[in-house]
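Computed from heavy atoms alone, side chains included, the values below leave out hydrogens, waters and symmetry copies. Quick caveat, the model's predicted, so the values are computed rather than measured. We count residues from 1, following the sequence as given. One-based numbering, in listed order, for ligands and for the atoms of each.
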Amino acid sequence: MRSLQTRLVLVFVLLIVSVMVVVGTFMLNQVSVYYFDDFTEQMNSVFNAEVFSMLENEAKAENGAERLNAAVGAYSSALRISSYRNYYILDGETGATLFGSNDEKVERTPAIISALGGKIGQEKRVSSGYMDRANPIVLDDEVKYIVYIKDTKQDQQNLTASMFTIILRTVIFALCIAIILSFLFAKTITKPIGNITKGAKRLSMGELDTTLEVSSKDEIGTLTETFNDMATALKTTLARVEDERNKLDTTFLYMTDGVTAFSGDGTLIHFNPAAVDMLGFNEKKDKTYDAIFKELGIEFSSLLNMENSFEEYDIEHGEKTLKVSFALFGSGAEESGVVAIIHDFTEQQKLENSRREFVANVSHELRTPLTNVKSYTETLAESPDAPEEMKEQFYSVILNETDRMTRIVKDLLTLSRLDSAKMDWKNENFSLKKSVENAYRAMEIEARRHRHKLTMSVDSTLPDFYGDRERIEQVFINLLSNAVKYTPDGGRIDFSAESFTDHIKITVKDNGIGIAEENMPRMFERFYRVDKARSRESGGTGLGLSIAREIIRHYGGDIKLESKYGSGTNVSVILPKEPGDEAV
Ligand code: ADP
């Protein structure tokens with residue numbers, strides 16, 4: 001490809017050469033025309049009627065040709081006779097050369113033929129190699145002689161040759177100047193363009209601060225200005241894109257759902273920490289779809305050809321339940337691939353499961369007493385004559401079962417209020433010491449009934465507590481009642497309240513049946529009881545511990561269980577001295 005500079009120089013050269021060719025041709029042609037016109041004029045001015053009649057008189061003599069020769073010779077200077085222009089006296093009948101200013105024999109030309117026919121003849125073509133004039137000398141209607149002038153055009157050719165040399169020199173000179181000028185001119189265009197090209201290269205290499213100096217107000221200046229505007233716009237756009245990318249990166253990094261992306265050939269191209277966490281893959285080794293989602297049993301190629309916009313699968317991964325949504329991205333072969341969003345819904349699943357279990361438990365707990373009430377009532381209705389003693393026993397069972405249902409429903413209502421934070425708390429400042437004593441007193445008789453040794457020790461520095469006195473006392477009673485229930489008769493129960501720097505600890509310790517280690521994690525679950533029959537027998541609902549913990553947690557505290565199967569249980573209530581925000 002030719003550079004702009006070369007092309008400009010070539011245009012200039014062609015322009016000059018073609019102008020000079022046209023001018024030269026025109027000038028050389030004009031010279032020929034001038035010579036031709038000059039020759040014709042000279043011939044016309046010499047060979048006028050007077051000269052013709054004089055020549056005719058000379059021709060009449062015996063030695064007409066000789067005399068004619070002499071007569072024409074007398075006009076040599078007017079006819080400009082020279083070595084390039086000669087005159088000849090020709091025979092009027094044969095055209096043979098009789099005399100002449102040189103010894104040449106004249107060939108027949110169209111002009112001579114015309115003169116032989118009695119008419120003045122002259123070469124008409126300007127471009128012809130010679131100029132001539134043939135004048136017939138007519139005597140008695142017969143062409144006797146012909147006075148013939150012939151010019152070889154040598155003069156003209158000499159002039160043309162020197163003119164040609166001049167033109168050639170001029171062309172060479174003009175060309176030299178044109179080349180220099182066009183070089184300089186081309187430089188004024190190519191230099192700024194070169195600068196812009198360099199700037200564009202720098203820009204493409206990432207030097208976004210590139211700006212060019214605007215040195216003129218012409219089109220090149222406008223181009224440079226536009227280039228600068230473009231560079232600024234590019235910089236702003238890139239900054240905006242970078243910003244967006246940062247935002248996305250941050251979202252990607254901190255989102256709780258896992259994200260992985262695979263290129264068209266199944267190679268892992270993106271992933272976030274949540275994905276590594278959920279799927280537990282090795283980010284250094286597992287770099288393909290097959291390595292990460294092998295347990296799914298779905299071919300990567302089938303995902304690439306999915307018909308819907310996305311496909312969802314549930315996978316059990318260890319103890320986790322994950323929902324994986326696959327979606328396609330891109331359309332070209334190279335940029336396309338599959339993105340997978342992984343959502344961990346283990347907790348939701350657990351919640352859902354416990355909700356179902358809870359409903360099943362409630363139904364089950366209520367069904368047993370209801371069935372009992374129904375069957376005893378039916379029996380009473382069907383046997384009016386039954387013995388009074390039996391009737392009383394039946395009524396007592398019905399009453400017991402109804403009480404049980406009432407307790408369950410009451411406990412459920414309490415739990416529901418606690419869950420929905422609609423509990424009506426009657427908060428006040430009260431003496432914990434008194435509450436502990438109240439609980440002790442409430443359970444004293446029951447403990448004695450079972451021949452338990454119930455002891456109480458209360459720290460004298462035990463502070464007052466701000467909260468719902470009745471409910472907190474209820475918690476203590478509940479724990480004491482459990483200790484009484486789950487300790488074989490004649491056991492030992494220690495009830496104590498201690499004050500620490502920032503918390504109060506109320507402990508109920510028994511040497512009862514204890515709780516097996518495998519049951520410990522479920523003790524606070526609603527309706528969970530280690531021994532259902534025993535619990536039911538003693539009037540338990542399986543909701544006591546969970547209600548107690550909800551109440552204590554409401555005041556920013558907690559309940560801790562320690563137990564050894566067969567040796568006894570230690571239940572501690574921890575209450576903060578400064579109640580939490582919720583307690584207010
Ligand atoms: P319940 O109304 O059945 O007593 P709780 O929620 O109070 O229900 O207690 C749940 C279960 O925890 C009981 O059924 C019992 O199996 C166990 N439990 C509670 N306290 C004790 C204890 N002090 N010793 C042994 N087991 C206990």
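Under 4.0 Å is where a charged nitrogen must lie from a carboxylate oxygen, and between Asp249 and Lys247 no such pair does.
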Arg441 vs Asn438, test: side chain to side chain donor-acceptor pair (under 3.5 Å). Steps then yes/no. CA-CA 5 Å; Arg441 264 198 298 278; Asn438 286 347; 3.2 Å; yes
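Residue Ile513 places no N or O, backbone or side chain, under 3.5 Å from any N or O of ligand 1. Backbone and side-chain nitrogen or oxygen atoms of Gly544 are examined, and one is located within less than 3.5 angstrom of a nitrogen or oxygen of ligand 1. Residue-to-ligand polar distances keep Gly514 apart from ligand 1: every N/O pair is separated by 3.5 Å or more. In terms of N/O distances under 3.5 Å, ligand 1 is not approached by Ser546. For a threshold of 3.5 Å applied to N or O pairs, the pair formed by Tyr528 and ligand 1 contains no separation below that value.
Between the side chains of Thr541 and Asp411, at least one donor N or O lies within less than 3.5 Å of an accepting N or O.
In this pair, Phe300 and Tyr289 present their aromatic rings tilted. The plane angle is within the 30 to 60° band. Between Phe281 and Phe271, the two ring planes are perpendicular [angle over 60°; tilted spans 30° to 60°].
Each of the atoms 1 (P), 2 (O), 4 (O) of ligand 1 lies under 4.0 Å from some heavy atom of Lys485. Proximity to Arg529 (heavy-atom distance under 4.0 Å) selects the following atoms of ligand 1: 3 (O), 14 (O). Near Ser535, the atoms of ligand 1 lying under 4.0 angstrom from a non-hydrogen atom of the residue are 1 (P), 3 (O), 14 (O).
Checking side-chain atoms of Arg529 against main-chain N and O of Leu543 turns up no donor-acceptor pair under 3.5 Å. Judged by distance alone, with hydrogens and angles left aside, the side-chain atoms of His452 form a donor-acceptor pair with the main-chain N or O of Gly491 at under 3.5 Å.
In this structure, Gly542 is part of the shell of residues with a heavy atom less than 4.0 angstrom from ligand 1. For Phe524, the heavy-atom gap to ligand 1 stays at 4.0 angstrom or more.
When heavy-atom distances to ligand 1 are checked against a 4.0 Å cut-off, Ile515 comes that close only through its side chain, counted from C-beta outward.
Taking both residues in full, the closest heavy atoms of Tyr555 and Pro576 are given as O-CG, 3.2 Å, listed atom of the first, atom of the second, then distance.
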